[in-house]
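Notes to accompany the following structure.
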Amino acid sequence: MPSALALRPADVRVVDVPPAAQDGFDWTDAAVLAGTEAIADGPLSAAAPGIDRGTYPLDILGRFGSVGALGVHLDRHGARLGLSIAAMQAASRACGATGFLMWCHDVCGLYMEQSGNPSLTGARLDDHAAGRSFGGTALSNPMKAFAGIEPILLRARRVPGGYRVSGMLPWVSHIGPGQYCGAIAGVTGPGDTISHEIMFLLACDRAELRPCPPFSGMEGTSTWGVRVDDLFVGQDEIIADPARPFIGRIRGAFILLQCGMGLGVAEGSLDAMLAVEDTLGHVNQFLDDRPDTIAAELAELRARVMRLAETPYDGATDYLIDVLDARAQTSELALRASQSALLHQGARGYMMSAAPQRRIREAHFVAIVTPALKHLRWEMARLSRETLPTAEGGRA
């Protein structure tokens, strides 16, 4: 079904980027969007109910990679972050879990490229960007630890040639045998104090993967508990040492990319509202958050996200606050739109197999995945306090 708010090439920053010649792919803006939408509207839409129940769609992710949807945000492919967000929105409109997997994959590629480590930026990154290999991100705990919300769970000690890392992470997504993820560990010194953190690429075959308890949805994201015990991390696996300056540099891109999930879930919900307008519009007119309201807010928010995506490495505090606020608004809009879609569809939308029922759970995930809505508001409040002008007498 054509999107009610189809993202056209004119809506993203167009750059003169040659095709990925080494693979024979055409990764121009128009080709990436057309290829992504064809996959999303076809095989992904058909597979979405099964993915929600536990099917891990690596084959579909590989197809997204082949059309450029997993690599265009990278510097080597034009740093087209807005195009990457648009591709994620198209996928999330059909299946929020797959949109989330695209985000996991995208940020892992970002870590590899921005590391500057030759062992991570050559053929390994080419395979990752093209969807020939797969990797996720294990930064939920570190991001919360850096904000002071919880302690960091992986610990490292320096040894000749690198570090030894031990610890347990409760859930890491888009991983499995033969895959990998970006992870962070606190480096301990005398008295078990943490001197700094390191970031590294963790090969899943070198870790113990433990099943997670069932979630209410998003079961097809291949989410596992990860345990490592005295794992050696050498220089070939190091992404950043120390890690905090690196995270400070990429966090705007890290957070902005997530907006594709929320925008897509909201757009899919809008589709569900419009699908019953002819038959139920006469009574749905008395509901709040009608399709025209959601459509207008979605268009405005997407335009804002696309403007922010033009400068994803802007280090200004005001810029980061804007990014955090845009990400929070995508959560809030997805929550409202998904609830409204269920109310508009009524009993048919409440069936367990109904797309509005699934999108309710997807929207809840958008609002709780790190950085969660409460985490975003926490960070905005902290940054706003830091930038308040000092009052006369030296007190803010």
Indicate if V226 and V107 have the same hydrophobic cluster label, given that clusters are the connected sets of ILVMFWY residues with side-chain heavy-atom separations under 4.5 angstrom. no
Quick one: do E300 and R304 make a salt bridge, cutoff under 4.0 Å? no
Y313 atom OH, neighbour heavy-atom count above 12 within 6.0 Å: yes
Kindly indicate whether the side chain of M88, heavy atoms from C-beta on, has any atom under 4.5 Å from the side chain of D106. yes
Step by step, would you call R290 with E277 a salt bridge (charged side-chain N to carboxylate O under 4.0 Å, His left out)? CA-CA 10 Å; R290 294 279 287 134; E277 191 64 11; 2.5 Å; yes
What I'd like to find out is whether the side chain of D192 reaches to under 4.5 Å of the side chain of R155, using heavy atoms alone. yes
Could you check whether H105 and F64 have their ring centres less than 6.0 Å apart? no
Is the shortest side-chain heavy-atom distance between M143 and I184 below 4.5 Å? no
Do Y180 and D205 have side chains that get closer than 4.5 Å, going by heavy atoms? no
Could you give all pairs that pass the ring-ring contact (aromatic ring centres under 6.0 Å, His included) test and reach residues 246-269, with sequence neighbours left out? W103-F254
D288 vs R336, salt bridge (charged side-chain N to carboxylate O under 4.0 Å, His left out): CA-CA, chis, key distance, verdict: CA-CA 10 Å; D288 296 328; R336 284 176 44 225; over 6 Å; no
Do the side chains of R210 and E208 get close enough for a salt bridge, i.e. N-O under 4.0 angstrom? yes
Count the heavy atoms belonging to other residues, nucleotides or ligands that lie under 6.0 Å from CD of Q339, then report whether that count exceeds 12. no
Do V172 and L139 share a hydrophobic cluster (ILVMFWY, side-chain heavy atoms under 4.5 Å, transitive)? no
Should D236 and R124 count as an ion pair when the cut-off is N to O under 4.0 Å? no
E332 and R377 ion-paired at < 4.0 Å: yes
Applying the 4.5 Å side-chain criterion to the ILVMFWY set and letting contacts propagate, would V67 and L74 be lumped into a single cluster? yes
Could you check D241 against M199 for side chain to side chain contact (heavy atoms under 4.5 Å, CB included), going step by step and ending with a plain yes or no? CA-CA 7 Å; D241 184 359; M199 187 170 181; over 6 Å; no
Indicate yes or no: at least one non-hydrogen side-chain atom of M351 is less than 4.5 angstrom from one of Q357. no
Just wondering, do N284 and V276 contact through their side chains at under 4.5 Å, heavy atoms? yes
Show, in sequence, the C-alpha distance, side-chain angles and deciding distance for V187 and R157, and conclude whether the side chain to side chain contact (heavy atoms under 4.5 Å, CB included) test is met. CA-CA 6 Å; V187 178; R157 55 185 175 86; over 6 Å; no
Quick check on side-chain contact (heavy atoms from CB on, under 4.5 Å): which of Q89, R327, R302 does C259 satisfy it with? R327
Could you check whether any side-chain heavy atom of L383 comes within less than 4.5 Å of a side-chain heavy atom of L320, counting everything from C-beta outward? yes
Decide, yes or no, whether a salt bridge links D52 with R361 under the criterion of side-chain N to carboxylate O below 4.0 Å. yes
Centroid separation Y163 to F232 less than 6.0 Å: no
Between T221 and Y56, is the side chain to side chain donor-acceptor pair (under 3.5 Å) condition met? List the steps. CA-CA 6 Å; T221 57; Y56 184 29; over 6 Å; no
N-O pairing of R93 and D41 below 4.0 Å: yes
Look at the side-chain heavy atoms of Ile, Leu, Val, Met, Phe, Trp and Tyr, link any pair under 4.5 Å apart, and say whether W224 and F100 land in one connected group. no
